[in-house]
Amino acid sequence: MTVAVVTLKNTENQQDLIITRPKSGLCLQGSLRVPGDKSISHRALMLGGLAQGETIIEGLLLGEDPRSTASCFRQMGADISPLNTEQVIVKGIGLGQLQEPPDILNAGNSGTTMRLMLGLLASHPGRFFTVTGDSSLRTRPMSRVVKPLQQMGAKIWGRKEASLAPLAIQGSVLQPIRYYSPIASAQVKSCVLLAGLMIEGKTTVTEPALSRDHSERMLRAFGAKLSIDPETNSVTIEGMPTLFGQKVVVPGDISSAAFWLVAGTIVPDSELLIENVGVNPTRTGVLEALSMMGADIQLENQRLVAGEPVADLRVRHGQLKGCEIAGDLIPRLIDEIPILAVAAVFAQGKTVIRDAAELRVKESDRLAVMASQLNRMGAKVQELPDGLEITGGTPLQSNEVDSYTDHRIAMSMAIAALSATGTTTIHGAQAAAVSYPDFTTTLQRLCEL
Ligand code: S3P
């Protein structure tokens, strides 16, 4: 069998990923596991830090984002053992007991760390906090969480009316509210719910479409009282519960599995089994979109692990066709749009992605970046104000492309490069470590099997 050559080159401050596709014969075969779910990893560290007693986390993602969460919570007094995938032990300090950190809290590249943490900091009376992040996070909108927190009485200062980090927070006693979020965002929902933990009475958040519900599931498991109204996408939390440490088993991240689902679909003669993937229905939009496109993906060995649905995903090569991806499906596949755009390039006909303007304020402007980088390889991708229009079927040619220091762009472009002629260089490939530190090693292994 012919193999693709996958190498990493260190340049000044970054890494280049260089991928040469063989002229013929590449196929991806075998089974693999993807690292732990990023969203669940953050929440396990945070709730573990707030709970009484020990939380044991198995399968934690060792990416840079959860490391940022762990480091912030350590600075505020949580005792978190060295991070590893086997077992992390968090000795919580109890609800309301976060300590004032002696230095600035740094959320790195992680929007989830910053936005969820803000709900907790704002509701800890008598402590002063400052939070910042890397150059990408410092441009991302924080007003979406600052506004509801201010309605609860939070005191937050920062640039552009406290919409940009660095932010300064004077923790105070907050009031319960009923918040109607203008966007379907699990980060907004979770921020309000976490603030609600520390508020006497009931705090409700309603969103226009259902976003991922990991916070709701885990808060309940730790002992918080929540009521959920699926008709209106509303969640109500009763404040001041006692949270008890739990065992959390983190499933593989479907957002990371998505790269292999698309690779297995577009590379001829491939068959991959991705084991132990979280298939929470609020996250499986990518499976529905790929199935609309005609992909051959089967869920095997479906089970419930520590309150989250899990399955093994088998994918086989198949011809894709274009489809429309829009509406309530978008929040359920929000992080998979870059790799779905790659799938669409290999599909027959047109794929239209709409209602996805949120992508413009992720780690990069993912609509603009995916359009420009795929077009550099000869694809036909047109940017829409809230999405992409992709005309599939044009073979990709190798070129130099850039991740814009966005992990999901780096990995999506690597999968595109696997099916392009010649040698493609992806600048800034180190960004993958945010959510998938072993991505290149796994790619090398699959290409050499
Ligand atoms: C996340 C929610 C999503 C997602 C992000 C992780 C979370 O963001 O894009 O990668 O863990 O809550 P939004 O909720 O802002 O859409």
Side-chain angles (χ1 to χ4, degrees), residues 35-47 60-61 63-66 68-69 107-120 133 136-137 139-148 163 179 181-195 205-219 233 235 248 250-251 253-259 278 280 282-286 308 328-340 355-367 370 386 406-412 431-432 434-436:
D37 187 279
K38 180 158 79 68
S39 294
I40 298 176
S41 296
H42 283 301
R43 286 156 174 82
L45 289 166
M46 289 188 189
L47 292 190
L60 186 86
L61 166 65
E64 286 168 8
D65 274 12
S68 297
T69 293
N109 190 243
S110 174
T112 309
T113 307
M114 184 169 287
R115 294 194 178 115
L116 270 58
M117 200 166 64
L118 280 169
L120 293 170
S136 153
L137 191 53
T139 66
R140 295 180 65 189
M142 292 301 138
S143 40
R144 55 185 55 199
V145 290
V146 169
K147 276 191 185 142
S163 69
Y179 186 63
S181 175
I183 45 172
S185 161
Q187 294 181 351
V188 172
K189 174 171 64 178
S190 306
C191 169
V192 173
L193 293 176
L194 290 177
V205 56
T206 299
E207 51 182 349
L210 184 61
S211 64
R212 63 193 68 191
D213 67 356
H214 305 299
S215 294
E216 293 92 306
R217 287 174 189 253
M218 207 183 286
L219 278 164
N233 295 322
V235 191
V248 181
V250 184
D253 198 326
I254 192 166
S255 299
S256 299
F259 300 108
N280 176 318
T282 61
R283 297 285 299 283
T284 47
V286 63
E308 289 279 350
D328 288 2
L329 190 53
I330 295 294
R332 298 178 47 238
L333 48 68
I334 190 76
D335 291 338
E336 290 72 74
I337 290 174
I339 189 63
L340 283 169
D355 305 319
E358 269 296 298
L359 259 73
R360 296 205 180 276
V361 290
K362 293 292 180 190
E363 286 82 332
S364 69
D365 177 343
R366 288 182 174 162
L367 297 179
M370 281 312 291
D386 64 343
D406 181 331
H407 53 132
R408 301 209 195 277
I409 305 286
M411 294 184 276
S412 299
V434 157
S435 62
Y436 201 156

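Order of listing sets the numbers, starting from 1, for every ligand and every atom in it.
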Name the closest protein heavy atom to atom 6 (C) of ligand 1, giving the residue it belongs to and the distance to 0.1 Å.
Thr112 OG1, 3.4 Å

Shortest non-hydrogen contact from Pro331 to Ala184?
CG-CB, 3.8 Å

So which protein heavy atom does atom 11 (O) of ligand 1 come closest to, and at what separation?
Ser39 OG, 2.7 Å

Would you check whether Arg212 reaches within less than 4.0 Å of ligand 1, judged by its heavy atoms?
yes

What do you reckon, does Ala186 have a nitrogen or oxygen under 3.5 Å from a nitrogen or oxygen of ligand 1?
yes

Positive for side chain to side chain contact (heavy atoms under 4.5 Å, CB included) with Pro338, one of His407, Met411, Met370
Met370

Carboxylate-amine/guanidinium contact Asp37 Arg283, below 4.0 Å:
yes

Heavy atoms only: give me the nearest Arg408-Ser435 pair and the separation to one decimal.
NH1-OG, 3.9 Å

Among all protein heavy atoms, pick out the one at the shortest distance from atom 10 (O) of ligand 1; state its residue, atom name and that distance to 0.1 Å.
Asp335 OD2, 2.8 Å

Could you tell me, atom by atom, which parts of ligand 1 come under 4.0 Å of a heavy atom of Ile334?
9 (O)

Smallest heavy-atom separation, Asp65 atom then Thr113 atom, equals O-OG1, 3.8 Å

Protein heavy atom at shortest distance from atom 1 (C) of ligand 1
Gln187 NE2, 3.6 Å

Taking atom types as modelled, find out whether Asn280 and Glu308 have a side-chain donor-acceptor pair closer than 3.5 angstrom.
yes

State, without any angle test, whether Ser39 and His214 hold a side-chain donor-acceptor pair at a distance under 3.5 Å.
no

Nearest-neighbour protein heavy atom for atom 15 (O) of ligand 1, which is reported as residue plus atom name and distance
Ser185 OG, 3.0 Å

Candidate pair Glu336 and Ser255, rule side chain to side chain donor-acceptor pair (under 3.5 Å), full reasoning:
CA-CA 6 Å; Glu336 290 72 74; Ser255 299; 2.7 Å; yes

For atom 16 (O) of ligand 1, which candidate among Arg43, Lys362, Glu363, Glu358 provides the closest heavy atom?
Lys362

At under 4.0 Å between heavy atoms, what of Lys38 touches ligand 1? The answer is side chain

Is Ser190 in polar range of ligand 1, meaning some N or O pair under 3.5 Å apart?
no

